[in-house]
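The chains referred to below are lettered A, B, ... by the order of the sequence lines, with proteins before strands, and numbering in each begins at 1. Remember, it's a predicted structure, so these values are computed and weren't measured experimentally.
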Number of protein chains: 2
Amino acid sequence: MDRFTQLCKNHGLKITPQRAAVYAALKNSKEHPSADQIHKQLLHSFPNISLDTVNRTLITFARIQIIDVVEGQGDPRRFDPNREDHHHFYCLSCNTIFDFHDPDLEQLPLPEEITRTCTITGKRLCLTGYCEDCRQHKQKHQPINFCKPY
Amino acid sequence: MDRFTQLCKNHGLKITPQRAAVYAALKNSKEHPSADQIHKQLLHSFPNISLDTVNRTLITFARIQIIDVVEGQGDPRRFDPNREDHHHFYCLSCNTIFDFHDPDLEQLPLPEEITRTCTITGKRLCLTGYCEDCRQHKQKHQPINFCKPY
DNA sequence: TTGACAAATAGGTATTAATCCTATTTAATA
DNA sequence: TATTAAATAGGATTAATACCTATTTGTCAA
């Protein structure tokens, strides 16, 4: 039994050709693709596969924590008036984002390969979890995005 | 001349009552609000202000780097098959996200106040900038989101 | 102070991403 | 192989965002 089959069985998910194809497509990608990109790619092998199935399947995978949603994405755009060096904590329950500072982190040198090859214009540590108010009342919002837990 | 007026003048922007109100509303907020939230709030003082104006104004402010867009948000949702500890570099030009590892960062203790009061389920450093391929050809996509530069 | 002009706005329309709805199909189980 | 719950396709809906254009308004120079 392959790994994907095992994962589905562990979570009571049926093993469908569509699911296997979505999983394989994402696993083989280094692009951090969108549902739409995966859908377009799979249309070659599954001419009738729907975008909804692809999106729903990806979200299912994120909920059972076999893949992740890239942080923040898929949510309405939010703005930040604070231009000082700071970092973000995202509460998965109430969607609050609060700022924090971390002088140690600001000092931390970045990997040499990146500083050598790329131009860096911004740096932010993104923590996810449950804030002080919400830690007792988890899953109020059944977060899909930017979630480790579900 | 107040700070907002100064910033607008520096960038050749006209000082309009709408802009001043949007700027003040965001500056006074700790909520990392969306355009829609700011729009609703401003309707009390500007009964005719349009959502487009609020959104456009916020994006203008982000372009001149007096505010920021919260990382990732506003873009179509993208997925990540990599469940190991890793971090993300976002290229502002080609929209590539690539993974990198940083053992030092993984070791770094987080601020005690956060670990004491919150439950942390995820940790990711998000770097923005221009990747090796794009550093010569900046601004190909005129990034709005997650941008320091414009 | 006023006139000219470019820039910004309002409000309607269009587009895009994401989700919902429901009839049909399918995988799992006995 | 029959049953049943789960999953899918495909169309419809919603929500966020961007576009379009006539009108208004800051700005600047006379």
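- Residue whose closest nucleotide on DNA chain C sits further toward the 5' end, between B:G12 and B:D75: B:G12.
- Atom CD1 of B:I66 and atom NZ of B:K27 lie 8.0 Å apart (nearest 0.5 Å).
- Between B:L13 and A:R78, the one whose closest nucleotide on DNA chain D sits nearer the 5' end is A:R78.
- B:K9 has its NZ atom 14 Å from the C1' atom of C:dA7, to the nearest Å.
- The outermost nucleotides of DNA chain D lying under 4.0 Å from heavy atoms of chain B, listed 5' to 3', are D:dT17 to D:dT27.
- Atoms CD1 (A:I59) and C1' (C:dA18) sit 8 Å apart, rounded to a whole Å.
- Among the atoms of the strands shown, none is found under 4.0 Å from any heavy atom of B:L58.
- We find the CG-CG distance between A:L125 and B:L105 to be 6.0 Å, quoted to the nearest 0.5 Å.
- Of the inter-residue distances, the one linking B:K123 atom NZ with B:H86 atom NE2 reads 13.5 Å to the nearest 0.5 angstrom.
- Remark: side-chain polar atoms of B:T117 are paired, donor with acceptor, to backbone N or O of B:E113 under 3.5 angstrom.
- Within the structure, the side-chain hydrogen bond (donor to acceptor under 3.5 Å, both in side chains) test picks out the following pairs touching residues 44-57 of chain B (sequence neighbours left out): B:S50-B:T53, B:T53-B:R56.
- A continuous path of hydrophobic side-chain contacts links B:I15 to B:L13 [ILVMFWY only; heavy atoms under 4.5 Å].
- Remark: B:D133 CG to A:C118 SG distance equals 9.0 Å, nearest 0.5 Å.
- In terms of phosphate contacts, B:R77 brings a side-chain nitrogen or oxygen within less than 4.0 Å of OP1 or OP2 of C:dT19.
- Remark: P of C:dA8 and CZ of B:F61 are 11 Å apart, rounded to the nearest angstrom.
- Rounding to the nearest 0.5 Å gives a distance of 11.0 Å between CG of A:L26 and CD of A:E31.
- Contacts of residues 33-57 of chain A with DNA chain C (heavy atom under 4.0 Å): A:D52, A:N55.
- Sorted by first and then second residue, the ring pair (Phe, Tyr, Trp, His ring centres under 6.0 Å) pairs involving residues 16-37 of chain A (not counting sequence neighbours) are A:F4-A:Y23, A:Y23-A:F61, A:H32-B:H88.
- When the local axes at the two ends of the helix from C:dT1-D:dA30 to C:dA30-D:dT1 are compared, using 5 base pairs at each end, they differ in direction by 40° after rounding to 10°.
- Note on A:F46: it does not cluster hydrophobically with A:L51, by side-chain heavy-atom contacts below 4.5 Å among ILVMFWY residues.
- A distance-only check finds no donor-acceptor pair linking the side chain of B:Q107 to the backbone of B:D104 [under 3.5 Å].
- Contact record, B:R135 with A:R116: NH1-O, 3.0 Å, taken as the closest heavy-atom pair.
- We find the SG-CD1 distance between B:C131 and A:I120 to be 12.0 Å, quoted to the nearest 0.5 Å.
- Between B:Q18 and C:dA10 there is a side-chain N or O to OP1 or OP2 distance below 4.0 Å.
- Of the residues in residues 22-31 of chain B, not one places a heavy atom less than 4.0 Å from an atom of DNA chain C.
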